[in-house]
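Submitted below is the structure of interest, expressed as C-alpha coordinates.
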There are 2 protein chains.
Amino acid sequence: MARAGLTTERLARAGAELADEAGLDRVTVSALARRFDVKVASLYSHLRNSHDLKTRIALLALEELADRGSAALAGRAGKDALTALANVYRDYAREHPGRYAAAQTRLDPETAAASAGVRHAQMTRAVLRGYDLAEPDQTHAVRLLGSVFHGYVSLEMGGGFSHSTPDTQETWTRTLDALDSLLRNWPAP
Amino acid sequence: MARAGLTTERLARAGAELADEAGLDRVTVSALARRFDVKVASLYSHLRNSHDLKTRIALLALEELADRGSAALAGRAGKDALTALANVYRDYAREHPGRYAAAQTRLDPETAAASAGVRHAQMTRAVLRGYDLAEPDQTHAVRLLGSVFHGYVSLEMGGGFSHSTPDTQETWTRTLDALDSLLRNWPAP
DNA sequence: GCGTCTGCCTAAAAGGTTTAGGCAAATCGG
DNA sequence: CCGATTTGCCTAAACCTTTTAGGCAGACGC
(Lines give C-alpha, C1' and ligand atoms only; values in the text may rest on other atoms or scores of the structure.)
Protein backbone atom coordinates (compact mmCIF):
# COMPACT_ATOMS: atom_id res chain seq x y z
CA MET A 1 0.00 0.00 0.00
CA ALA A 2 1.59 3.23 -1.16
CA ARG A 3 1.91 5.98 1.41
CA ALA A 4 0.34 9.32 0.84
CA GLY A 5 3.15 11.36 2.34
CA LEU A 6 1.05 13.35 4.77
CA THR A 7 2.69 15.92 6.98
CA THR A 8 1.23 18.48 9.33
CA GLU A 9 2.55 21.14 6.99
CA ARG A 10 0.88 19.70 3.90
CA LEU A 11 -2.38 19.27 5.78
CA ALA A 12 -2.38 22.87 6.90
CA ARG A 13 -1.63 24.03 3.37
CA ALA A 14 -4.38 21.87 1.87
CA GLY A 15 -6.74 23.06 4.59
CA ALA A 16 -5.97 26.64 3.66
CA GLU A 17 -6.75 25.94 0.01
CA LEU A 18 -9.97 24.24 0.93
CA ALA A 19 -10.92 27.17 3.14
CA ASP A 20 -10.46 29.58 0.25
CA GLU A 21 -12.39 27.38 -2.15
CA ALA A 22 -15.27 26.22 -0.01
CA GLY A 23 -15.31 28.43 3.07
CA LEU A 24 -13.73 27.90 6.44
CA ASP A 25 -16.75 26.12 7.87
CA ARG A 26 -16.36 23.35 5.31
CA VAL A 27 -12.80 22.68 6.36
CA THR A 28 -13.18 19.41 8.23
CA VAL A 29 -10.80 16.59 8.92
CA SER A 30 -13.06 14.39 6.82
CA ALA A 31 -12.99 16.70 3.82
CA LEU A 32 -9.23 16.88 4.04
CA ALA A 33 -8.92 13.10 4.16
CA ARG A 34 -11.05 12.90 1.04
CA ARG A 35 -8.79 15.41 -0.68
CA PHE A 36 -5.74 13.26 0.04
CA ASP A 37 -7.67 10.09 -0.79
CA VAL A 38 -6.85 8.68 2.59
CA LYS A 39 -8.91 7.41 5.51
CA VAL A 40 -9.97 9.94 8.10
CA ALA A 41 -8.24 8.28 11.02
CA SER A 42 -4.89 8.64 9.28
CA LEU A 43 -4.93 12.37 9.78
CA TYR A 44 -5.01 11.98 13.53
CA SER A 45 -1.35 10.99 13.53
CA HIS A 46 -0.61 14.49 12.27
CA LEU A 47 -3.32 16.55 13.95
CA ARG A 48 -4.36 16.52 17.58
CA ASN A 49 -7.95 17.23 16.66
CA SER A 50 -10.18 19.29 14.47
CA HIS A 51 -9.42 22.53 16.26
CA ASP A 52 -5.72 21.89 15.87
CA LEU A 53 -6.24 21.94 12.11
CA LYS A 54 -7.93 25.33 12.25
CA THR A 55 -5.17 26.67 14.45
CA ARG A 56 -2.51 25.56 11.99
CA ILE A 57 -4.35 27.19 9.12
CA ALA A 58 -4.58 30.36 11.20
CA LEU A 59 -0.85 30.31 11.88
CA LEU A 60 -0.14 29.76 8.21
CA ALA A 61 -2.31 32.70 7.24
CA LEU A 62 -0.78 34.97 9.88
CA GLU A 63 2.65 34.13 8.59
CA GLU A 64 1.78 34.69 4.94
CA LEU A 65 0.22 38.00 5.89
CA ALA A 66 3.27 39.04 7.88
CA ASP A 67 5.55 38.11 4.99
CA ARG A 68 3.50 40.18 2.59
CA GLY A 69 3.44 43.01 5.08
CA SER A 70 7.15 43.22 5.57
CA ALA A 71 7.73 42.99 1.83
CA ALA A 72 5.26 45.82 1.27
CA LEU A 73 6.79 47.96 3.99
CA ALA A 74 10.35 47.70 2.76
CA GLY A 75 11.57 51.06 1.57
CA ARG A 76 8.38 52.92 2.38
CA ALA A 77 7.51 55.44 5.06
CA GLY A 78 4.71 57.73 6.13
CA LYS A 79 1.46 57.58 4.23
CA ASP A 80 3.05 55.42 1.61
CA ALA A 81 3.81 52.78 4.22
CA LEU A 82 0.38 53.14 5.79
CA THR A 83 -1.33 52.55 2.47
CA ALA A 84 0.91 49.65 1.56
CA LEU A 85 0.30 47.80 4.81
CA ALA A 86 -3.42 48.46 4.75
CA ASN A 87 -3.64 47.12 1.22
CA VAL A 88 -1.81 43.97 2.21
CA TYR A 89 -4.65 43.10 4.56
CA ARG A 90 -7.41 44.02 2.18
CA ASP A 91 -5.88 42.30 -0.81
CA TYR A 92 -5.06 39.19 1.14
CA ALA A 93 -8.61 38.93 2.42
CA ARG A 94 -9.93 39.22 -1.12
CA GLU A 95 -7.53 36.69 -2.57
CA HIS A 96 -7.78 34.28 0.34
CA PRO A 97 -11.08 34.77 2.15
CA GLY A 98 -10.90 31.39 3.87
CA ARG A 99 -7.37 31.94 5.09
CA TYR A 100 -8.28 35.44 6.26
CA ALA A 101 -11.24 34.07 8.18
CA ALA A 102 -8.98 31.43 9.71
CA ALA A 103 -6.56 34.13 10.82
CA GLN A 104 -9.31 35.43 13.12
CA THR A 105 -9.39 32.16 15.03
CA ARG A 106 -8.82 32.80 18.67
CA LEU A 107 -5.45 31.39 19.72
CA ASP A 108 -4.51 30.44 23.23
CA PRO A 109 -1.97 32.86 24.72
CA GLU A 110 1.15 30.70 24.28
CA THR A 111 0.33 29.91 20.66
CA ALA A 112 -0.45 33.55 19.99
CA ALA A 113 2.82 34.65 21.53
CA ALA A 114 4.75 32.25 19.31
CA SER A 115 2.79 33.21 16.19
CA ALA A 116 3.43 35.76 13.50
CA GLY A 117 0.83 37.92 15.25
CA VAL A 118 3.75 39.54 17.02
CA ARG A 119 5.22 40.64 13.69
CA HIS A 120 1.93 42.25 12.80
CA ALA A 121 2.08 44.53 15.78
CA GLN A 122 5.68 45.36 14.91
CA MET A 123 4.74 46.23 11.36
CA THR A 124 2.04 48.60 12.46
CA ARG A 125 4.50 50.18 14.84
CA ALA A 126 6.93 50.52 11.94
CA VAL A 127 4.33 52.47 9.99
CA LEU A 128 3.97 54.83 12.91
CA ARG A 129 7.66 55.70 12.80
CA GLY A 130 6.69 58.00 9.96
CA TYR A 131 4.49 59.96 12.32
CA ASP A 132 5.36 61.79 15.48
CA LEU A 133 3.76 59.78 18.27
CA ALA A 134 5.27 59.03 21.66
CA GLU A 135 4.08 56.35 24.04
CA PRO A 136 1.41 55.65 25.14
CA ASP A 137 -0.20 57.29 22.12
CA GLN A 138 1.77 55.08 19.82
CA THR A 139 0.19 51.99 21.32
CA HIS A 140 -3.23 53.58 21.12
CA ALA A 141 -2.58 54.29 17.46
CA VAL A 142 -1.37 50.74 16.82
CA ARG A 143 -4.62 49.45 18.22
CA LEU A 144 -6.68 51.95 16.26
CA LEU A 145 -5.00 51.04 12.99
CA GLY A 146 -5.46 47.35 13.69
CA SER A 147 -9.13 47.98 14.41
CA VAL A 148 -9.70 49.91 11.21
CA PHE A 149 -7.85 47.44 9.01
CA HIS A 150 -9.58 44.44 10.45
CA GLY A 151 -12.94 46.08 10.86
CA TYR A 152 -13.05 47.53 7.38
CA VAL A 153 -11.91 44.35 5.68
CA SER A 154 -14.30 42.14 7.56
CA LEU A 155 -17.30 44.41 7.05
CA GLU A 156 -16.53 44.82 3.37
CA MET A 157 -16.11 41.08 2.88
CA GLY A 158 -19.26 40.36 4.84
CA GLY A 159 -21.26 42.60 2.55
CA GLY A 160 -21.79 45.22 5.23
CA PHE A 161 -21.14 48.02 2.75
CA SER A 162 -23.57 46.61 0.29
CA HIS A 163 -25.25 49.63 -1.23
CA SER A 164 -23.39 50.56 -4.33
CA THR A 165 -22.60 54.23 -3.92
CA PRO A 166 -20.10 55.42 -3.15
CA ASP A 167 -17.75 52.75 -4.31
CA THR A 168 -16.04 50.84 -1.51
CA GLN A 169 -12.69 51.48 -3.20
CA GLU A 170 -13.40 55.18 -2.89
CA THR A 171 -14.23 54.80 0.79
CA TRP A 172 -11.06 52.82 1.33
CA THR A 173 -8.91 55.53 -0.23
CA ARG A 174 -10.65 58.20 1.79
CA THR A 175 -10.34 56.15 4.95
CA LEU A 176 -6.60 55.94 4.48
CA ASP A 177 -6.49 59.69 3.81
CA ALA A 178 -8.41 60.22 7.01
CA LEU A 179 -6.12 57.97 9.04
CA ASP A 180 -3.05 59.70 7.66
CA SER A 181 -4.53 63.05 8.57
CA LEU A 182 -5.44 61.82 12.02
CA LEU A 183 -1.97 60.46 12.70
CA ARG A 184 -0.41 63.75 11.61
CA ASN A 185 -2.76 65.66 13.90
CA TRP A 186 -3.12 63.30 16.80
CA PRO A 187 -5.17 65.05 19.49
CA ALA A 188 -3.53 65.78 22.82
CA PRO A 189 -5.16 64.00 25.78
CA MET B 1 -47.90 13.78 26.54
CA ALA B 2 -47.60 17.42 27.57
CA ARG B 3 -46.38 19.82 24.94
CA ALA B 4 -43.28 21.87 25.46
CA GLY B 5 -44.60 25.03 23.82
CA LEU B 6 -41.77 25.55 21.40
CA THR B 7 -41.81 28.52 19.09
CA THR B 8 -39.24 29.89 16.70
CA GLU B 9 -38.98 32.92 18.93
CA ARG B 10 -38.29 30.95 22.09
CA LEU B 11 -35.75 28.81 20.29
CA ALA B 12 -33.86 31.85 19.08
CA ARG B 13 -33.90 33.35 22.55
CA ALA B 14 -32.68 30.14 24.17
CA GLY B 15 -30.05 29.83 21.46
CA ALA B 16 -28.84 33.32 22.27
CA GLU B 17 -28.55 32.45 25.96
CA LEU B 18 -26.69 29.29 25.15
CA ALA B 19 -24.34 31.23 22.87
CA ASP B 20 -23.49 33.62 25.69
CA GLU B 21 -22.98 30.81 28.18
CA ALA B 22 -21.12 28.24 26.13
CA GLY B 23 -19.94 30.01 23.00
CA LEU B 24 -21.56 30.26 19.60
CA ASP B 25 -19.89 27.13 18.30
CA ARG B 26 -21.66 25.05 20.92
CA VAL B 27 -25.04 26.27 19.82
CA THR B 28 -26.43 23.20 18.07
CA VAL B 29 -29.92 22.01 17.40
CA SER B 30 -29.16 19.03 19.62
CA ALA B 31 -28.03 21.15 22.55
CA LEU B 32 -31.13 23.26 22.25
CA ALA B 33 -33.38 20.19 22.23
CA ARG B 34 -31.67 19.04 25.42
CA ARG B 35 -32.32 22.41 27.00
CA PHE B 36 -36.03 22.13 26.26
CA ASP B 37 -36.03 18.45 27.22
CA VAL B 38 -37.45 17.54 23.87
CA LYS B 39 -36.34 15.27 21.04
CA VAL B 40 -34.09 16.79 18.40
CA ALA B 41 -36.42 16.16 15.49
CA SER B 42 -39.10 18.27 17.15
CA LEU B 43 -37.13 21.43 16.55
CA TYR B 44 -37.26 20.92 12.81
CA SER B 45 -40.89 21.97 12.76
CA HIS B 46 -39.72 25.40 13.90
CA LEU B 47 -36.32 25.69 12.23
CA ARG B 48 -35.45 24.98 8.63
CA ASN B 49 -32.00 23.77 9.61
CA SER B 50 -29.03 24.44 11.79
CA HIS B 51 -27.99 27.55 9.88
CA ASP B 52 -31.48 28.94 10.21
CA LEU B 53 -31.03 28.85 13.98
CA LYS B 54 -27.83 30.87 13.78
CA THR B 55 -29.49 33.36 11.49
CA ARG B 56 -32.34 33.88 13.92
CA ILE B 57 -29.92 34.44 16.77
CA ALA B 58 -28.08 36.95 14.61
CA LEU B 59 -31.30 38.82 13.86
CA LEU B 60 -32.20 38.85 17.54
CA ALA B 61 -28.80 40.28 18.46
CA LEU B 62 -28.93 42.91 15.73
CA GLU B 63 -32.30 44.02 16.99
CA GLU B 64 -31.27 44.18 20.63
CA LEU B 65 -28.22 46.16 19.61
CA ALA B 66 -30.28 48.56 17.55
CA ASP B 67 -32.70 49.04 20.44
CA ARG B 68 -29.87 49.84 22.81
CA GLY B 69 -28.35 52.13 20.24
CA SER B 70 -31.43 54.22 19.71
CA ALA B 71 -32.02 54.45 23.45
CA ALA B 72 -28.44 55.61 23.95
CA LEU B 73 -28.62 58.14 21.17
CA ALA B 74 -31.80 59.81 22.38
CA GLY B 75 -31.08 63.35 23.45
CA ARG B 76 -27.39 63.24 22.64
CA ALA B 77 -25.35 64.86 19.90
CA GLY B 78 -21.76 65.33 18.79
CA LYS B 79 -19.06 63.58 20.72
CA ASP B 80 -21.53 62.64 23.40
CA ALA B 81 -23.57 60.70 20.85
CA LEU B 82 -20.46 59.19 19.30
CA THR B 83 -19.29 57.88 22.65
CA ALA B 84 -22.70 56.61 23.61
CA LEU B 85 -23.17 54.61 20.43
CA ALA B 86 -19.65 53.24 20.50
CA ASN B 87 -20.13 52.08 24.08
CA VAL B 88 -23.33 50.32 23.15
CA TYR B 89 -21.39 48.02 20.86
CA ARG B 90 -18.55 47.46 23.25
CA ASP B 91 -20.73 46.88 26.27
CA TYR B 92 -23.07 44.58 24.40
CA ALA B 93 -20.17 42.47 23.18
CA ARG B 94 -18.89 42.16 26.73
CA GLU B 95 -22.24 41.30 28.22
CA HIS B 96 -23.29 39.02 25.39
CA PRO B 97 -20.23 37.65 23.62
CA GLY B 98 -22.14 34.80 22.01
CA ARG B 99 -24.88 37.07 20.70
CA TYR B 100 -22.28 39.53 19.44
CA ALA B 101 -20.48 36.75 17.63
CA ALA B 102 -23.76 35.63 16.14
CA ALA B 103 -24.44 39.16 14.91
CA GLN B 104 -21.42 38.77 12.62
CA THR B 105 -23.05 35.88 10.80
CA ARG B 106 -23.21 36.61 7.13
CA LEU B 107 -26.81 37.10 6.07
CA ASP B 108 -28.13 36.68 2.59
CA PRO B 109 -29.05 40.01 0.99
CA GLU B 110 -32.83 39.79 1.44
CA THR B 111 -32.53 38.80 5.08
CA ALA B 112 -29.98 41.54 5.66
CA ALA B 113 -32.20 44.13 4.04
CA ALA B 114 -35.10 43.16 6.30
CA SER B 115 -32.92 43.07 9.41
CA ALA B 116 -32.13 45.66 12.03
CA GLY B 117 -28.80 46.11 10.26
CA VAL B 118 -30.47 48.94 8.40
CA ARG B 119 -31.14 50.75 11.68
CA HIS B 120 -27.48 50.46 12.57
CA ALA B 121 -26.44 52.41 9.52
CA GLN B 122 -29.09 55.01 10.32
CA MET B 123 -27.82 55.37 13.88
CA THR B 124 -24.28 55.97 12.75
CA ARG B 125 -25.58 58.53 10.29
CA ALA B 126 -27.45 60.17 13.14
CA VAL B 127 -24.21 60.54 15.08
CA LEU B 128 -22.70 62.29 12.10
CA ARG B 129 -25.39 64.95 12.17
CA GLY B 130 -23.33 66.47 14.97
CA TYR B 131 -20.45 66.95 12.56
CA ASP B 132 -20.26 68.89 9.37
CA LEU B 133 -19.96 66.30 6.64
CA ALA B 134 -21.65 66.34 3.26
CA GLU B 135 -22.06 63.37 0.95
CA PRO B 136 -20.15 61.36 -0.09
CA ASP B 137 -17.90 61.99 2.90
CA GLN B 138 -20.73 61.20 5.23
CA THR B 139 -21.00 57.70 3.82
CA HIS B 140 -17.25 57.28 4.01
CA ALA B 141 -17.41 58.32 7.64
CA VAL B 142 -20.29 55.92 8.36
CA ARG B 143 -18.18 53.10 7.03
CA LEU B 144 -15.12 54.23 8.94
CA LEU B 145 -17.01 54.40 12.22
CA GLY B 146 -18.55 51.00 11.62
CA SER B 147 -15.09 49.60 10.92
CA VAL B 148 -13.58 51.04 14.07
CA PHE B 149 -16.44 49.96 16.32
CA HIS B 150 -16.54 46.46 14.97
CA GLY B 151 -12.80 46.09 14.54
CA TYR B 152 -11.94 47.37 17.99
CA VAL B 153 -14.53 45.29 19.76
CA SER B 154 -13.67 42.10 17.96
CA LEU B 155 -9.92 42.50 18.44
CA GLU B 156 -10.35 43.37 22.10
CA MET B 157 -12.63 40.40 22.70
CA GLY B 158 -10.33 38.09 20.77
CA GLY B 159 -7.45 39.02 23.01
CA GLY B 160 -5.66 40.91 20.26
CA PHE B 161 -4.74 43.70 22.67
CA SER B 162 -3.39 41.30 25.18
CA HIS B 163 -0.36 43.01 26.62
CA SER B 164 -1.41 44.88 29.66
CA THR B 165 -0.17 48.41 29.16
CA PRO B 166 -1.70 50.70 28.36
CA ASP B 167 -5.11 49.69 29.56
CA THR B 168 -7.59 48.86 26.82
CA GLN B 169 -10.09 51.20 28.45
CA GLU B 170 -7.57 53.99 28.05
CA THR B 171 -7.09 53.12 24.39
CA TRP B 172 -10.84 53.07 23.88
CA THR B 173 -11.22 56.54 25.35
CA ARG B 174 -8.37 57.89 23.27
CA THR B 175 -9.74 56.19 20.16
CA LEU B 176 -13.03 57.98 20.61
CA ASP B 177 -11.17 61.26 21.19
CA ALA B 178 -9.27 60.61 17.98
CA LEU B 179 -12.41 59.83 15.99
CA ASP B 180 -14.13 62.96 17.30
CA SER B 181 -11.13 65.02 16.33
CA LEU B 182 -11.01 63.39 12.91
CA LEU B 183 -14.69 64.02 12.23
CA ARG B 184 -14.30 67.67 13.21
CA ASN B 185 -11.30 68.02 10.91
CA TRP B 186 -12.25 65.75 8.06
CA PRO B 187 -9.60 66.10 5.36
CA ALA B 188 -10.60 67.50 1.98
CA PRO B 189 -10.16 65.02 -0.91
C1' DG C 1 18.96 -8.56 5.05
C1' DC C 2 16.95 -7.81 9.79
C1' DG C 3 14.74 -5.18 13.16
C1' DT C 4 12.48 -1.13 14.40
C1' DC C 5 9.70 2.62 13.67
C1' DT C 6 6.24 5.08 11.51
C1' DG C 7 2.30 5.81 8.54
C1' DC C 8 -1.83 4.53 7.02
C1' DC C 9 -5.18 1.02 7.77
C1' DT C 10 -9.77 -1.26 9.82
C1' DA C 11 -13.06 -1.10 13.39
C1' DA C 12 -16.03 1.07 16.29
C1' DA C 13 -18.25 4.31 19.48
C1' DA C 14 -20.36 8.59 20.15
C1' DG C 15 -22.71 12.67 18.77
C1' DG C 16 -24.83 16.12 15.33
C1' DT C 17 -28.09 16.82 11.20
C1' DT C 18 -31.96 15.96 8.72
C1' DT C 19 -36.11 13.54 6.66
C1' DA C 20 -40.37 10.58 6.87
C1' DG C 21 -44.19 9.16 8.90
C1' DG C 22 -47.27 8.47 13.23
C1' DC C 23 -50.09 9.52 17.34
C1' DA C 24 -52.12 12.56 20.48
C1' DA C 25 -53.20 17.16 22.13
C1' DA C 26 -55.14 21.51 20.90
C1' DT C 27 -58.44 23.95 18.34
C1' DC C 28 -62.47 24.96 15.68
C1' DG C 29 -67.26 24.24 13.56
C1' DG C 30 -71.48 22.70 14.37
C1' DC D 1 -70.01 19.49 23.96
C1' DC D 2 -68.29 16.54 20.49
C1' DG D 3 -66.30 15.31 16.09
C1' DA D 4 -62.98 16.79 12.54
C1' DT D 5 -58.91 18.95 11.48
C1' DT D 6 -54.70 20.90 12.41
C1' DT D 7 -50.50 21.11 14.84
C1' DG D 8 -46.74 19.62 17.84
C1' DC D 9 -43.87 16.42 19.44
C1' DC D 10 -42.73 11.63 18.86
C1' DT D 11 -40.05 7.25 16.91
C1' DA D 12 -37.16 5.54 13.43
C1' DA D 13 -33.59 5.74 10.45
C1' DA D 14 -29.93 7.36 7.27
C1' DC D 15 -25.90 9.90 6.92
C1' DC D 16 -21.86 12.54 8.29
C1' DT D 17 -18.04 14.11 11.37
C1' DT D 18 -15.02 13.32 15.27
C1' DT D 19 -12.06 10.64 17.85
C1' DT D 20 -9.78 6.45 19.96
C1' DA D 21 -7.68 1.71 19.78
C1' DG D 22 -5.16 -1.54 17.77
C1' DG D 23 -2.98 -3.84 13.47
C1' DC D 24 -0.07 -4.52 9.30
C1' DA D 25 3.25 -3.25 6.06
C1' DG D 26 6.49 -0.05 3.92
C1' DA D 27 10.58 2.91 5.02
C1' DC D 28 14.79 3.33 7.29
C1' DG D 29 18.99 2.34 10.30
C1' DC D 30 22.52 -0.96 10.96
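Below, chain A is the first sequence line, B the second, and so on; all start at residue 1.
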Checklist entry - Of the candidate nucleotides dT17(C), dT17(D), dC9(C), which contains the atom at the shortest distance from the side chain of A41(A)? => result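 My answer, after comparing the listed nucleotides, is dC9(C).
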
Item to check | Interatomic distance where CG belongs to D52(A) and C1' belongs to dT19(D) [whole Å] | outcome: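 For the pair D52(A) CG and dT19(D) C1', the rounded distance is 13 Å.
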
Checklist entry - Side-chain donor-acceptor pair under 3.5 Å between T111(A) and D108(A), yes or no? => result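 Note: T111(A) and D108(A) side chains meet the donor-acceptor criterion.
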
Checklist entry - With the threshold set at 4.0 Å, does a side-chain nitrogen-carboxylate oxygen contact exist between E156(A) and R90(A)? => result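 Salt bridge between E156(A) and R90(A), a charged N being under 4.0 Å from a carboxylate O: yes.
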
Checklist entry - For R34(A), which contact category applies under a 4.0 Å heavy-atom criterion: base, sugar-phosphate, or nothing? => result sugar-phosphate

Item to check | Given dC8(C), dC9(D), dT19(D), the nucleotide with the shortest approach to the side chain of V38(A) | outcome: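 When the side chain of V38(A) is considered, dC8(C) is the closest of dC8(C), dC9(D), dT19(D).
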
Checklist entry - Rounding to a whole Å, what distance do you find between H51(A):NE2 and dT19(D):P? => result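 Rounding to the nearest Å, NE2 of H51(A) and P of dT19(D) are 11 Å apart.
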
Checklist entry - Nearest-Å distance, CZ (R10(B)) to P (dC9(D))? => result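 Interatomic distance, CZ of R10(B) to P of dC9(D): 9 Å.
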
Next on the checklist: Rounding to an integer number of Å, can you tell me how far L47(B) CG sits from dT19(C) P?
Outcome noted: 12 Å

Checklist entry - Quick one: L32(B) CG to dT18(C) C1', roughly how many Å, whole number? => result 16 Å

Checklist entry - Without hydrogens or angle criteria, can the side chains of D167(B) and W172(B) be said to hold a donor-acceptor pair below 3.5 Å? => result no

Checklist entry - Hey, does the side chain of H46(A) come within less than 4.0 Å of dC8(C)'s phosphate (OP1/OP2), counting only N and O? => result yes

Checklist entry - Using a cut-off of 4.0 Å on non-hydrogen atoms, how would the nucleic acid contact of S45(A) be classed: base, sugar-phosphate, or nothing? => result base

Checklist entry - Looking only at side-chain N and O atoms, does S30(A) come under 4.0 Å of OP1 or OP2 in dC16(D)? => result no

Checklist outcome for this item: Taken to the nearest whole Å, NZ/K39(A) to P/dT17(D) is 13 Å

Checklist entry - Between dT20(D) atom C1' and Y44(A) atom OH, what is the distance in whole Å? => result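 For the pair Y44(A) OH and dT20(D) C1', the rounded distance is 10 Å.
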
Checklist entry - Could you state the CG-P distance from L11(B) to dC9(D), rounded to the nearest angstrom? => result 9 Å

Checklist entry - Just checking L43(A): base, sugar-phosphate only, or nothing, at a heavy-atom cut-off of under 4.0 Å? => result nothing

Checklist entry - Of N49(B), L32(B), T8(B), L53(B), which meets side-chain contact (heavy atoms from CB on, under 4.5 Å) against L43(B)? => result L32(B)

Item to check | side chain to side chain donor-acceptor pair (under 3.5 Å) between H46(A) and T7(A), worked out | outcome: CA-CA 6 Å; H46(A) 304 277; T7(A) 65; over 6 Å; no

Checklist entry - So does S42(B) get a side-chain nitrogen or oxygen closer than 4.0 Å to the phosphate oxygens (OP1/OP2) of dC10(D)? => result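 Indeed, a polar side-chain atom of S42(B) lies that close.
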
